[in-house]
Trainee: 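Dropping the structure in here first, questions after.
Every heavy atom of this structure was used, including side-chain atoms; hydrogens, water molecules and symmetry mates were not. All values derive from a computational prediction rather than experimental measurement.
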Amino acid sequence: QPPKAPTLTEAQRRLRNVRKKLREVEALQAQGADSLTEAQQKKVERIDELRAEEKAAEAEVAAEERAAKGPSRRRKKPQKAGKSQGAAAGQQGEGGRGVCGGSALTLGVLLPVLAVGAALCQRYVLP
């Protein structure tokens, strides 16, 4: 059995067809305007319209491909060498959070401090 051709989306088919028409028109242009029939000259006149259609179809195919990949995760930029890390140094990361990020800072530093503070309150203040 011969291998099956991959199925194309509507946008991919449209792009393929527009590119085929552009190749035909460019071949007609290479022949020169003298030897063209009236119908061929009308095709050549549409070349700007076909190029715009090609750009629109390319954008649609690209959008479909991005949607098929799913949501992309942006990589964080590496920090420059020589910068001290940590919120204690007054460094701010993206979005005004500390370098560690909001959740890491809360779990790693503030949570134990709060637990100790709560234990001291229960032992000395509340009774």
Trainee: Main chain of Thr37, side chain of Gln40: is a donor-acceptor contact present, judged purely on distance under 3.5 Å?
Mentor: yes
Trainee: Taking all atoms of both residues into account, what is the closest heavy-atom pair of Gln41 and Ala33, and its distance?
Mentor: NE2-O, 3.4 Å
Trainee: Can you give me the closest heavy-atom contact between Ala57 and Arg14, atom names plus distance?
Mentor: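 Heavy atoms of Ala57 and Arg14 come nearest at N-NH2, 3.6 Å.
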Trainee: Rounded to the nearest 0.5 Å, what's the gap from CD on Gln12 to OG1 on Thr7? Could you check?
Mentor: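 It comes to 8.0 Å.
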Trainee: Please identify which of these residues, Lys20, Glu58, Glu53, meets the side-chain contact (heavy atoms from CB on, under 4.5 Å) condition with Leu15.
Mentor: Glu58
Trainee: At what distance, to the nearest 0.5 angstrom, does NZ of Lys21 lie from CD of Glu54?
Mentor: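 Separation between the atoms: 12.5 Å.
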Trainee: Just do the side chain to side chain contact (heavy atoms under 4.5 Å, CB included) check on Ile47 and Glu26 with the steps written out, would you?
Mentor: CA-CA 8 Å; Ile47 195 161; Glu26 288 167 355; 4.2 Å; yes
Trainee: Run the side-chain hydrogen bond (donor to acceptor under 3.5 Å, both in side chains) test against Glu10 and tell me which residues pass, sequence neighbours left out.
Mentor: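 Scan of Glu10 (side-chain hydrogen bond (donor to acceptor under 3.5 Å, both in side chains), adjacent residues dropped) gives Arg13.
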Trainee: So do the side chains of Arg16 and Arg19 get within less than 4.5 Å of each other, counting heavy atoms only?
Mentor: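 Answer no - side chains too far apart.
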Trainee: With side chains defined as the heavy atoms from C-beta onward, is the minimum distance between Gln31 and Leu36 less than 4.5 Å?
Mentor: yes
